[in-house]
Protein chains: 2
Amino acid sequence: MIRFRVDWRSGVPPYQQIAQQVRQALRMGVLDVGDQLPSVREVVAAAVVNANTVLKAYRDLEREGLVEARAGQGTFVRARPPGPPPGTHSRLGRALASWVRQARAAGLDDEAIESLLRVTLQAPAEEDIA
Amino acid sequence: MIRFRVDWRSGVPPYQQIAQQVRQALRMGVLDVGDQLPSVREVVAAAVVNANTVLKAYRDLEREGLVEARAGQGTFVRARPPGPPPGTHSRLGRALASWVRQARAAGLDDEAIESLLRVTLQAPAEEDIA
DNA sequence: CATACTGTCTTAGCAGCCTAAGACAGTGGA
DNA sequence: TCCACTGTCTTAGGCTGCTAAGACAGTATG
């Protein structure tokens, strides 16, 4: 059963973080069609967030067609998001992990690493900074 | 002169985005000690955000000792944030750009890429998903 | 039927952040 | 001195998101 992790310092709304963690688990193959998501009350009991917040995240995922809520039973994965299969993510993930090790060895902290990625992603579009 | 870019869909408060872009420019060497930041009114005129929002970002940077505000003159870079020199970031940035090209060629969009990094950064600490 | 799960909705309130417009103060040059 | 720039602060309002507690409905099981 997937377990959620909320970063309160990031400024990103918790309901968005939960939804995104589900999407990523689907892309990575950690979750698959038919799997059950933790019940709203389980997430609340884990002291992550309020019931309404979990509900909002699950509703977003339902609107995207990724999950399906059945009253009395739970919330289940209905489909996989568009994109490459899990194997592709695993392969790329290993390469990225190797790069992260280098970056950390060079003295970059997580914030510097994330900023570097953000710059890299925007780079080809336009000059982003300066 | 550095130019700011605000992503309104990210959920991250604009004042945090501005402050972070300055920090990253310092790490990358795009900004250096003595350089001037755009005036509050310039940023406002660029239709990025409100004056109070810019002020909040600059105040955060001042509290960190990175910049110094001088009434009547402007806001100037005072020091470089701790961490490796700009050259290190450039080198790592090129390697990362190469990886990003592979990921995009494999069909990953920006959200998938960012999620993959987030998972990778948390991975060694604890099992983050599942 | 009774119980214990499940998802769902309501109400009320609070906090953070952004906006708008204006006003004040310090600095430097004509 | 006057003007144009700079940072700074105030007031007032609004929007979004989170919290709390409770209540209702659907489903499965004994």
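Small disclaimer: the values here were computed from a predicted structure and weren't measured. Chain naming here is simple, since letters A, B, ... match the order of the sequence lines and numbering starts at 1 in each.
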Practice item. Name the residue closer to the 5' end of DNA chain D, choosing between B/Q36 and A/Q16 according to the nucleotide with the nearest heavy atom. Key: B/Q36
**Study point:** B/R104 bridged to B/D110 by N-O distance under 4.0 Å
**Key:** yes
Review point. So, A/S10 and A/Q17: side-chain donor and acceptor under 3.5 Å apart, yes or no?
Key: yes
**Study point:** Atom pair OG1 (B/T88) and CG (A/L108), whose distance is rounded to the nearest 0.5 Å
**Key:** 7.5 Å
Point to revise | Gap between atom CD of B/Q102 and atom CD1 of B/I113 - 0.5 Å precision | key: 11.0 Å
Exercise for review: For A/E111 and A/R9, run salt bridge (Lys or Arg N to Asp or Glu O under 4.0 Å): C-alpha distance rounded to whole Å, both residues' side-chain angles, the deciding distance at 0.1 Å, then the answer.
Suggested key: CA-CA 12 Å; A/E111 189 197 314; A/R9 307 178 313 167; over 6 Å; no
Check your understanding: Could you give the start and end, 5' to 3', of the contact zone on DNA chain D for chain A, using atoms under 4.0 Å from its heavy atoms?
Key -> D/dG17 to D/dA28
**Study point:** B/R59 vs B/S39, nearer the 5' end of DNA chain D by closest nucleotide
**Key:** B/S39
Check your understanding: What parts of residues 40-54 of chain A reach DNA chain C, counting only heavy atoms under 4.0 Å away?
Key -> A/V40, A/R41, A/N52
Exercise for review: Write down the distance between CH2 (B/W8) and P (C/dC17), rounded to a whole number of angstrom.
Suggested key: 13 Å
Exercise for review: With sequence neighbours left out, write down each residue that passes side chain to side chain donor-acceptor pair (under 3.5 Å) with A/S98, or none if nothing qualifies.
Suggested key: none
Review point. Distance check: side-chain N/O of A/Q73 vs OP1/OP2 of C/dC5, anything under 4.0 Å?
Key: no
Revision key, fill the gap. Between B/L92 and A/L116, the two heavy atoms sitting closest are CB-CD2, 4.2 Å
Exercise for review: Quickly work out the B/K56 NZ to C/dA15 P distance and round it to whole Å.
Suggested key: 15 Å
Check your understanding: Just checking, is any N or O donor in the side chain of B/R23 or B/Q20 under 3.5 Å from an acceptor N or O on the other one?
Key -> no
